[in-house]
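Because the structure is predicted, anything quoted here is derived from the model rather than measured. Below, read A as the first sequence line, B as the second, and so on, with proteins coming before strands; counting in each chain starts at 1.
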Amino acid sequence: MGIKINELVKDVRKTISFENLLNKKISIDAFNSIYQFLAIIRQRDGTSLMDLEGNVTSHLSGLFYRNIKFLEYNIKPIYVFDGKPPELKLNTINERRKIKAAAKEKMIEAQESEDFKEARKFAQLTSKLDSNMIEESKLLLKHMGIPVVDAPSEGEAQSAYLVNRGDAWASASQDYDTLLFGSERFLRNFSVNRSKKVRDTTISLDIEYISLSKFLDNLGITREQLIDMGILIGTDFFPGIKGIGQHKAFDLIKKHESLENMLKNNVQVSGKQLNIDIELVNRVKEIFLRPKINPDYPKITWRKVDYDKLEELLVEKHNFSKNRVVSAIKKLRDLDSDKKQISLDSFFK
DNA sequence: CGCGATCA
DNA sequence: TGATCGCGG
């Protein structure tokens with residue numbers, strides 16, 4: 001789920017539009033994006049889209065259409081896939097598994113009583129991503145000519161590395177953890193969701209942009225202090241301290257400067273002494289400050305779309321409607337041949 | 001989510 | 001042309 005700092009970023013969070021990202025390389029947290037598709041792309045009763053063999057295809061649909069949109073705007077997506085999670089994440093992973101199992105029971109209950117709205121609500125929480133789905137997602141991206149980077153561990157860490165190295169302009173995820181990993185530029189809600197007309201030009205809204213350095217300056221803290229706050233608030237690697245939310249964590253770090261000081265000074269939190277094993281604190285900090293990343297990933301390039309393989313994968317293998325796929329692919333073909341690409345000119349003429 | 005059919 | 005809505009797999 002990531003760290004809750006939504007209140008703290010309010011001052012520096014900017015709403016940007018799609019045209020701000022024209023020609024930009026964006027490193028996308030693949031798991032995060034795919035999970036979102038799996039949660040949202042469903043029937044009214046909550047069932048996923050599936051091919052004739054019963055394989056879930058919601059994520060393929062989401063990836064296919066959204067990336068066409070990106071390419072139309074000459075936005076250059078890079079998908080970064082998670083590797084092996086850090087050991088400290090295993091508790092969180094187990095918790096999520098339990099939540100999914102519980103949601104599945106409630107979903108079945110709701111289905112049996114034909115309450116489709118409830119069924120859908122719980123179904124959204126049950127989304128699972130197996131290795132076959134991951135491989136097929138990578139294959140789809142490959143056929144679309146979109147680069148994929150395999151992270152050795154956390155994708156967000158690798159994504160932050162790509163940004164800071166200059167291989168991507170920003171990293172996109174729904175989780176603010178990306179900021180703790182040090183990504184200087186960060187996007188949330190990275191999709192073309194809404195649009196409005198302003199003086200003859202259509203602009204899309206609702207993408208959230210945060211500059212890490214502006215965020216830290218605004219709060220007057222360092223990234224290390226932000227990570228200390230994260231440990232108090234709770235991240236995927238440590239559950240946090242009961243009674244401490246984002247505001248209290250901020251006050252504490254301003255007052256004591258570091259989590260280590262808080263522990264040394266026997267700080268009291270809601271009547272109880274703050275107590276975390278310092279070894280554990282250091283291990284969590286290590287994950288954010290010196291994450292496992294691969295500095296030698298292959299050169300990032302956007303290749304030509306393989307129209308035939310794309311059609312084969314979606315239509316023949318996964319029973320997508322041929323008409324729909326062909327007309328979507330046509331957009332890509334047009335991009336290839338024409339100046340059909342949406343350019344800055346078409347926004348500000 | 002994003003598409004495309006439909007209707008004002 | 002823009003907004004709404006049901007469906008896709």
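The side-chain tip of A:Arg188 points at the ring of A:Tyr176 from less than 6.0 angstrom away and within 45° of straight on.
Put simply, CZ on A:Phe70 is 11 Å from C1' on B:dC1, counting in whole angstrom units. Across the protein-nucleic acid pair, A:His59 atom NE2 and B:dG2 atom P stand 16 Å apart, rounded to whole Å. Rounded to an integer number of Å, the gap from A:Gln174 CD to B:dC1 C1' is 13 Å. For the pair A:Phe190 CZ and B:dG2 P, the interatomic distance rounds to 11 Å; values are reported in whole Å. In this structure, the CG atom of A:Asp206 is 10 Å from the P atom of B:dC1, given to the nearest Å. Atom CD1 in A:Ile207 sits about 13 Å away from atom P in B:dC1, given to the nearest Å.
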Atom pairs under 3.5 Å: protein N/O with N/O of nucleotides 6-9 of chain C:
| unit_1 | atom_1 | unit_2 | atom_2 | d |
| --- | --- | --- | --- | --- |
| C:dC7 | OP2 | A:Arg44 | NH2 | 3.4 |
| C:dG8 | O6 | A:Arg42 | O | 3.4 |
| C:dG9 | OP1 | A:Ser321 | N | 2.8 |
| C:dG9 | OP2 | A:Ser321 | N | 3.0 |
| C:dG9 | O3' | A:Thr57 | OG1 | 2.6 |
| C:dG9 | O3' | A:His318 | O | 3.0 |
| C:dG9 | N1 | A:Gln43 | NE2 | 3.2 |
| C:dG9 | N2 | A:Ser48 | O | 2.9 |
| C:dG9 | N3 | A:Met50 | N | 3.0 |
| C:dG9 | N3 | A:Met50 | O | 3.3 |

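Contact annotation for A:Lys317: no contact, since no heavy-atom pair falls under 4.0 Å across all strands.
If you chain together hydrophobic residues whose side chains sit under 4.5 Å apart, A:Tyr161 and A:Val148 never meet in one group.
Contact check, A:Lys69 against B:dC3: a side-chain N or O comes under 4.0 Å of OP1 or OP2.
Using a cutoff of 4.0 Å between basic side-chain nitrogens and carboxylate oxygens, A:Glu95 and A:Lys98 are scored as salt-bridged. In summary, A:Arg96 and A:Asp236 engage in a salt bridge, as defined by a charged side-chain N under 4.0 Å from a carboxylate O.
Evaluated for a ring pair (Phe, Tyr, Trp, His ring centres under 6.0 Å) with A:Tyr209, the options A:Phe190, A:Trp169, A:Phe18 yield exactly one hit, A:Trp169.
Between A:Phe288 and A:Phe237, the angle of the ring planes goes over 60°, which puts this pair in the perpendicular group of the 30/60° scheme.
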